[in-house]
Amino acid sequence: MSLPQQLRDESDFDQLPDNIPVTATIADIEEKKGFIVYYRFVIEVKTKGNSKYLIYRRYRQFFALHQNLELKYSAEAQLGYYTCQLPTLPGKVFMGNKKEIAESRIPELNNYMKRLLCLPTWVLLDDLIRMFFYQTELDSQQVPRALRRLRPPTRKVKTVKPKTDLLSAPRAEAVFDFSGSGRLELSLKAGDVIFLLRRVNADWLEGTVRDKTGIFPESFVNIIKPLPESDTNEEGGASKSGNRAQSSYSCLRCYLLQPEGIDTRDICVEEDLSIQPSYKDLLSQMSIFNSAVLLTLRGVFQVEDIALNYRDPEGDLIRILDDEDVALMVQESKQTGSKVKRPVNQFPWELLVTHAKDLTVYNTEY
């Protein structure tokens, strides 16, 4: 019978190290804006030694863990003597509202983690499980929130606003209206006074207006009092005291190639520099790029039916058609990346956007 194999031997459990996870509960979900908008689960983990910490995982990480466990321990795998009955993971959902899908998965994933951590002790010691529930450096750098499933129901918080010397604070005045794209960017109205926090790169700043904080392009504002020297390096890159930018977002440099000339735009996404997006994600992100170009150029032209490209080490333009082309772009960028000096939070690869029907941009011979 398979049931006795699932019973944990308490004497073996007592011998486990204190850092082994024993319970895990989803405390909240949070929306993240990367190459696509996605949701991740905020999970409170408790170890055998009674320590607690938070980890942040996407559904696809649950899915990858389950697939790898099935390869090792399912009866169908037949790779060794040790097998066990793994819990059922809720399947993928391809249609519907992403937030509603994430919300509906919370009780299912809680049950999955509960059953997973009740497996025999030799499974708990597997590196697959230990690394999934391990608090990484990126997890520990996240700013904790008042998580709804951990918040006391009668908790009262008294908010005290710090006194600010408005005349000495670095600030700027908005010259044009700017419509921020997503939660990362700050929306501005002409005449707004923005209190500056730091410089993101040569073109973007971070600031606060009307109790909201975000990033915005410097070309839309007039600097009244600049940031201190310590918040801007020689190349106008990330601030020396603001290296947290690397863990919160990255900038993707894009070029729009047209007969009238080349327009440059930095797209900011909450993805690590090591992330390799899919072709579909990049194409979707460029719809944001197009609207931003329209805003900058006051609607002079409209870009439709676009093609994505990159430059190879020889300098030729290569059209991107699928995920394999994206992988090749990322790989080739590593060969030339060391020759180009970029801000610390900018991807080493760049996108060149052209009209899909314009084949004159390619170095071809007939």
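Here, residue 1 is the first one in the sequence, and each next residue gets the next number. Computation of the quantities below employed the complete heavy-atom set of this structure, encompassing side-chain atoms and omitting hydrogens, waters and symmetry-equivalent molecules.
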Compare every heavy atom of [Y] with every heavy atom of [X], then report the nearest pair and how far apart it is.
X      : Y      : value
Val221 : Val175 : C-CG2, 3.8 Å
Ser333 : Pro348 : CB-O, 3.8 Å
Ala102 : Tyr39  : CB-CB, 3.9 Å
Asp177 : Lys189 : OD1-CA, 3.3 Å
His66  : Pro87  : CE1-O, 3.0 Å
Val93  : Arg105 : N-NH2, 3.3 Å

### Query
Is the charged tip of Arg58 near the ring of Tyr38: under 6.0 Å from the six-membered ring centre and within 45° of its axis?
yes
### Query
Under the 6.0 Å and 45° cation-pi test, does Arg57 pair with Phe132?
yes
### Query
Between the side chains of Tyr134 and Asn19, does any donor sit under 3.5 Å from an acceptor?
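Absent: no donor and acceptor within the cut-off.
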### Task
Would you tell me whether Ser278 and Asp323 have side-chain atoms, one donor and one acceptor, within less than 3.5 Å of each other?
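Note: Ser278 and Asp323 side chains miss the donor-acceptor criterion.
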### Task
Measure centre to centre between the rings of Phe178 and Phe216, then say whether the value is under 6.0 Å.
no
### Query
How about Tyr73 and Trp122: are their ring centroids closer than 6.0 Å?
yes
Sub-4.5 Å side-chain heavy-atom contact between [X] and [Y]:
X      : Y      : answer
Tyr56  : Ile43  : no
Val22  : Leu117 : no
Lys46  : Tyr53  : no
Asn309 : Val353 : no
Pro170 : Pro228 : yes
Val326 : Leu282 : yes
Ile223 : Glu218 : yes
Tyr112 : Phe62  : yes

### Message
Does Leu65 form a side chain to side chain contact (heavy atoms under 4.5 Å, CB included) with Leu128? I'd like the steps, not just the answer.
### Response
CA-CA 7 Å; Leu65 169 68; Leu128 290 172; 4.0 Å; yes
With a 4.0 Å cut-off, would you call [X] and [Y] a salt bridge?
X      : Y      : answer
Lys99  : Glu31  : no
Arg198 : Glu206 : yes
Lys48  : Asp18  : yes

### Message
Heavy-atom count check: over 12 atoms from other residues, nucleotides or ligands less than 6.0 Å from Glu137 CD?
### Response
no
If we ignore hydrogens and angles and just use 3.5 Å, is the side chain of [X] paired with the main-chain N or O of [Y] as donor and acceptor?
X      : Y      : result
Asn110 : Thr25  : no
Asp316 : Asp312 : no
Tyr59  : Pro90  : yes
Glu173 : Ile224 : no
Asn111 : Pro107 : no
Arg199 : Asn201 : yes

Shared hydrophobic cluster, [X] / [Y] (ILVMFWY, side-chain heavy atoms < 4.5 Å):
X      : Y      : value
Leu321 : Val361 : no
Val123 : Met131 : no
Tyr279 : Val37  : no
Phe133 : Phe63  : yes

#### Entry: CA sep, side-chain torsions, deciding dist, call: Leu124, Arg130, side chain to side chain contact (heavy atoms under 4.5 Å, CB included)
CA-CA 7 Å; Leu124 293 184; Arg130 297 186 70 175; over 6 Å; no
[atom2] on [Y] to [atom1] on [X], rounded to 0.5 Å:
X      : Y      : atom1 : atom2 : result
Leu125 : Leu119 : CG    : CG    : 12.0 Å
Arg115 : Leu89  : CZ    : CG    : 13.0 Å
Leu256 : Thr354 : CG    : OG1   : 9.0 Å
Lys72  : Leu86  : NZ    : CG    : 11.5 Å
Ile129 : Leu69  : CD1   : CG    : 5.0 Å
Ile106 : Ile101 : CD1   : CD1   : 13.0 Å

### Task
Would you check, one step at a time, whether the test side chain to side chain contact (heavy atoms under 4.5 Å, CB included) holds for Leu109 with Phe41?
CA-CA 10 Å; Leu109 291 178; Phe41 300 95; 3.6 Å; yes
### Residue among Val209, Thr208, Leu205 satisfying side chain to side chain contact (heavy atoms under 4.5 Å, CB included) with Ile194
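Only one option passes, and that is Val209.
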